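This report refers to the structure that appears directly beneath it.
Chain letters run A, B, ... following the sequence lines, proteins first and then strands; every chain starts at 1. Just so you know, these numbers come straight off a predicted model, no measurement behind them.
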Amino acid sequence: MKQLPEQLTKPYNPQSVETELYKTWEESGYFNPDNLPGERTESFTIVLPPPNVTGTLHTGSAIMLAIQDSIIRFKRMRGYKALWIPGTDHAAIATQSKVEKEIYKKEGKNRHDLGREEMLKRINEFALESQNTILSQMRSIGASLDWSRLAFTLDEKRNLAVRTMFKKMYDDGLIYRGSRIVNWDPKGQTTISDDEIVSEERKAILYTFKYSNDFPIAISTTRPETKVGDTAVAVHPEDERYKDFIGNEYDLEFAGCPIHIKVIADTAVEKDFGTGALGVTPAHSITDWEMADRHSLPRPQVINEYAKMVGLKNEELNGKRVTDAREYIVNWLKENNLLTNEEEITQNVPTAERTGGVIEPLPKLQWFIAVNKSFNHFGNEITLKKLMAAAVSSKAINILPDRFEKVYFHWTENLRDWCISRQIWYGHRIPVWYKEGKIYCDINSPKEEGWEQDEDTLDTWFSSGLWTFSTLGWPDQTKDLKTYHPTDLLETGHDILFFWIARMILFSTYALNEVPFKQVYLHGLVRDAKGRKMSKSLDNILDPRDLSEKYGTDALRMSLLVGNGPGNDLKLGEDKIKAYKLFANKIWNAARFVLERTQDFEKEVNLIEEDQSVYETWREIHKDITSDVENYRLHLATEKIYDYFWKVFCDEIIETRKTRILDDIDKASAQTLLLKLLREQLIVVHPFMPFITEELWKYVKKDGEGLLMITNWNG
RNA sequence: GGGAGAUUAGCUCAGUUGGUAGAGCAACUCGUUUACACCGAGAAGGUCACAGGUUCGAGUCCUGUAUCUCCCACCA
């Protein structure tokens with residue numbers, strides 16, 4: 001046995017070893033599976049959900065890194081070609097608005113002052129500069145990512161993948177351009193998809209009135225200003241009160257604007273709400289748009305992109321903001337004695353997730369992905385929606401916890417065509433060109449002069465949806481793609497099940513005819529010790545960088561893993577992290593002690609019966625732990641490790657062997673046992689607490705053995 | 001309106017296929033002779049939300065109820 005080194009005479013100090021150890025790992029080249037030693041036939045791949053390029057590490061990213069790193073390290077030690085691909089996301093709207101705000105603050109200029117080219121240059125500079133922050137923070141958590149394969153959702157390779165996918169879907173008739181009602185965010189000046197909407201509960205006044213004295217039916221609405229765009233009044237077909245009016249048409253004057261109203265019957269109308277009659281505004285309500293489809297109604301637009309009134313006969317109204325127009329019309333109703341009731345109600349107002357702007361539904365010419373359209377998919381007629389559902393119902397993809405499968409099916413069933421065009425500059429530009437009414441879609445721009453490219457960019461989820469295979473080289477048929485796709489595990493928070501996971505399934509099954517991943521593991525959100533969401537306004541945010549500095553990265557990682565089952569939210573208080581700092585301390589001291597008592601150790605001997613039985617018990621637990629990790633039960637594996645190391649190994653085994661070594665009673669067997677157990681436990685603890693275990697491994701490894709990170713995890 | 005989850009010790013939570021209720025933290029007692037800016041030993045603490053049911057046996061499976069949380073949805 002080696003002399004006890006200087007380092008081991010002191011308490012464990014994470015700061016002094018972590019940076020150096022990470023450097024050793026990175027320089028070893030083992031993060032790249034191509035460099036791993038030994039015969040490795042099976043691959044195991046995880047793609048990292050790319051964090052926003054301009055972001056910083058938060059507890060959510062820390063939990064994701066801790067889980068994925070533990071699993072990839074385990075697989076690496078189990079003999080797999082273990083690949084974990086890093087990357088960052090350009091996060092279109094989020095990044096652009098962040099840079100816009102900053103420029104406006106500093107220079108008082110908006111994006112139109114700068115122009116598209118200059119603005120993009122500035123955003124790119126900012127993004128790349130910002131990227132290093134998040135990458136180095138990922139390193140500090142110990143993440144064993146293969147940096148040689150680093151990708152960015154907006155780099156050239158990914159752009160080629162995006163253009164290729166767009167062209168393929170366009171040719172298959174799955175991407176189309178259409179004038180339809182979309183969710184318009186007047187604040188962000190762009191369309192957004194259904195999933196980017198969050199409804200906010202707000203108080204509103206429900207007004208009940210008649211358009212004019214010439215009209216027989218009273219209607220109720222919270223948005224009187226939209227009524228100048230009405231083309232029908234809808235009632236329930238079985239509503240006795242209105243039966244006789246169905247089919248009638250009226251020419252009326254409403255707030256100085258001529259309107260033509262047809263009374264229609266539609267089952268979408270709720271008899272018991274308001275007056276049971278609904279003013280139909282096809283251009284500014286999604287429900288009404290669909291009703292207009294069913295009844296062939298005209299759809300005049302009366303609100304524009306800036307949420308102002310347009311196109312009206314009454315010039316006083318034109319140009320007014322919707323809120324002002326509402327006041328104007330309510331006053332007009334009162335003056336003309338048409339308003340019969342005002343009632344305060346709470347309603348869900350749709351707002352844009354990113355900007356908080358109130359969504360204004362508008363008819364616009366946009367690009368869509370047709371999810372309900374049948375097409376020929378490798379010889380079968382199928383729709384994208386069915387393809388998405390089949391990937392999960394066939395068990396080709398398994399979701400953990402499985403209750404999310406139900407949520408997934410429900411979502412795919414109710415999916416509508418996905419609006420993919422965005423009126424912002426930062427993102428993948430739509431590969432479509434126009435000239436004299438003609439449309440040209442291809443991977444590259446047309447050679448002739450005079451073609452103008454579509455101004456819009458693609459929804460950011462279009463590019464992240466290709467992530468599992470665009471990172472592996474697609475559309476080229478690369479060796480990586482053959483070796484590592486489908487990936488094995490997709491681990492992320494359950495909040496992006498629809499946004500991201502569903503879209504990856506869509507693109508991968510569509511283009512490659514294979515699932516993007518076999519297993520989905522959804523972790524919960526991190527909350528504070530009282531169970532509240534972490535937010536700036538509550539000032540209860542725990543910064544993983546501070547925690548890792550204060551308690552050591554290993555302690556932080558353990559606190560994020562123990563007791564954190566899939567799908568459940570995790571309450572994290574500093575006490576918990578502190579407890580695992582003590583655990584790290586315990587490991588350190590136990591190792592010191594074992595090494596001290598075995599300094600005169602020469603070679604392994606056969607264990608006496610008593611020691612052998614202790615060892616066999618450990619092997620049983622070892623087997624359990626292995627199976628827990630293999631089945632993604634990290635919360636159980638880590639707990640067992642903690643419990644065995646502390647309660648069994650330290651409190652019982654070391655305590656009882658201590659005296660035997662001093663008194664020289666079957667000393668060699670006791671020493672052999674302690675060393676064996678210490679070594680094997682370091683191996684098992686390593687995926688979860690990589691730093692302290694790698695550091696200690698230096699003192700217990702045998703001649704010829706390398707880094708702990710590539711040491712074989714048996715059994 | 002629809003769906004999902006949670007409810008176990010004072011607090012935070014485990015409990016994998018049904019087989020005598022577990023851990024950490026806190027509180028209590030004792031001890032610390034050199035692995036431990038701390039550690040060890042011991043004791044205490046639970047009608048497993050409630051009510052039914054299935055079973056030889058239920059924290060675990062089924063039905064219902066209550067409370068809390070989350071997601072989805074076009075009652076204007």
Sugar-phosphate only, base, or nothing, as touched by A:Asp272 at under 4.0 Å among non-hydrogen atoms: nothing

Syn/anti label of B:rA23 as read from its glycosidic torsion, with the cut at 90° from 0: anti

Distance in angstrom units between A:Arg633 CZ and B:rA14 C1', rounded: 13 Å

A:His260/A:Tyr250 aromatic ring centres below 6.0 Å: no

Nucleotide B:rA23, atom P - distance to OH of A:Tyr642 in whole Å: 12 Å

Nucleotide nearest A:Val269 (side chain, heavy atoms from C-beta), chosen from B:rU16, B:rA76, B:rA37: B:rA76

Euclidean distance for P, B:rU16 against B:rU60 (whole angstrom): 11 Å

A:Glu196 CD - B:rC71 P separation (whole Å): 17 Å

Shortest non-hydrogen separation from A:Ala590 to A:Ile654 and the atoms involved: CB-CD1, 4.2 Å

Separation of the P atoms in B:rA76 and B:rA6, to the nearest angstrom: 32 Å

Nearest-Å distance once atom C1' is located in both B:rG46 and B:rG10: 12 Å

Atom-to-atom span, OH of A:Tyr580 to P of B:rG24 - whole angstrom: 10 Å

Parallel, tilted or perpendicular: rings of A:Phe583 and A:Phe645 (30°, 60°): perpendicular

Geometric cation-pi criterion, A:Arg180 with A:Phe368: 6.0 Å, 45°: yes

Sugar-phosphate only, base, or nothing, as touched by A:Arg597 at under 4.0 Å among non-hydrogen atoms: sugar-phosphate

Of the listed nucleotides B:rU16, B:rA35, B:rC74, the one nearest the side chain of A:Thr287: B:rC74

Plane angle bin for A:Phe254 and A:Tyr211 - parallel if under 30°, tilted between 30 and 60°, otherwise perpendicular: perpendicular

B:rG53 and B:rU67, which share atom name P, separated by this distance in whole Å: 24 Å

Shortest side-chain distance from A:Phe498, nucleotide among B:rA35, B:rC74, B:rC71: B:rC71

Residue-phosphate contact under 4.0 Å: A:His635 side-chain N/O, B:rG15 OP1/OP2: yes

Rounded interatomic separation in angstrom, taking CD1 from A:Ile661 and C1' from B:rA35: 12 Å

Complement of B:rA4, any strand, by Watson-Crick or G-U distances under 3.5 angstrom: B:rU69

Sugar-phosphate, base or nothing in reach of A:Lys647, heavy atoms under 4.0 Å: sugar-phosphate

Nucleotide forming a Watson-Crick or wobble pair with B:rC74, both distances under 3.5 Å: none

A:Lys227 NZ/CZ over A:Phe209 ring centroid, <6.0 Å and within 45° of normal: no

Nearest-angstrom distance, C1' atom, B:rA58 to B:rG15: 14 Å

Nearest-nucleotide 5' precedence on RNA chain B, A:Ser220 against A:Glu652: A:Glu652

Sub-4.5 Å side-chain heavy-atom contact between A:Asp239 and A:Val269: no

Whether A:Tyr580 and A:Tyr642 hold their rings parallel, tilted or perpendicular, with breakpoints at 30° and 60°: perpendicular

Base partner of B:rU16, which must satisfy Watson-Crick or wobble distances under 3.5 Å: none

Sugar-phosphate, base or nothing in reach of A:Ile286, heavy atoms under 4.0 Å: nothing

Spacing between A:Lys578 atom NZ and B:rU12 atom P, to the nearest angstrom: 19 Å

Counterpart base for B:rC50, defined by Watson-Crick or G-U wobble contacts under 3.5 Å: B:rG64

Side-chain donor/acceptor of A:Glu655 to base of B:rA35, under 3.5 Å: yes

B:rA14 OP1/OP2 closer than 4.0 Å to side-chain N/O of A:Lys576: no

Sugar-phosphate, base or nothing in reach of A:Arg403, heavy atoms under 4.0 Å: sugar-phosphate

Which nucleotide in B:rU16, B:rC75, B:rC39 has an atom nearest any side-chain atom of A:Phe273: B:rC75

Side-chain N,O (A:Lys658) to OP1/OP2 (B:rA35) below 4.0 Å: yes

Phosphate contact (B:rA37 OP1 or OP2) by A:Asn585 side-chain N/O below 4.0 Å: yes

Given RNA chain B, 5'-ward residue of the pair A:Gly279 and A:Glu639, judged by closest heavy atom: A:Glu639

Whole-angstrom distance between B:rC68 and B:rG57, as gauged at atom C1': 32 Å

Distance, rounded to the nearest Å, where A:Phe593 contributes CZ and B:rA35 contributes C1': 6 Å

Sugar-phosphate only, base, or nothing, as touched by A:Thr221 at under 4.0 Å among non-hydrogen atoms: sugar-phosphate

Pairing partner of B:rG31 (Watson-Crick or G-U wobble, both distances under 3.5 Å): B:rC39

OP1 or OP2 of B:rC71 under 4.0 Å from side-chain N/O of A:Trp411: no

A:Ile654 side-chain proximity, nearest of B:rU16, B:rA76, B:rA35: B:rA35

Separation of the C1' atoms in B:rU7 and B:rU47, to the nearest angstrom: 15 Å

Nearest-nucleotide pick for A:Leu636, side chain only, options being B:rA35, B:rA41, B:rU16: B:rU16

Under-4.0 Å side-chain N/O to phosphate OP1/OP2 contact, A:Asn348 with B:rA76: no

Non-hydrogen atoms of A:Val182 and A:Lys364 that approach each other most closely: CG2-CB, 3.9 Å

B:rC70 versus B:rU65 - spacing of their P atoms, nearest Å: 22 Å

Mate of B:rA44 where both pairing distances stay under 3.5 Å, Watson-Crick or G-U: none

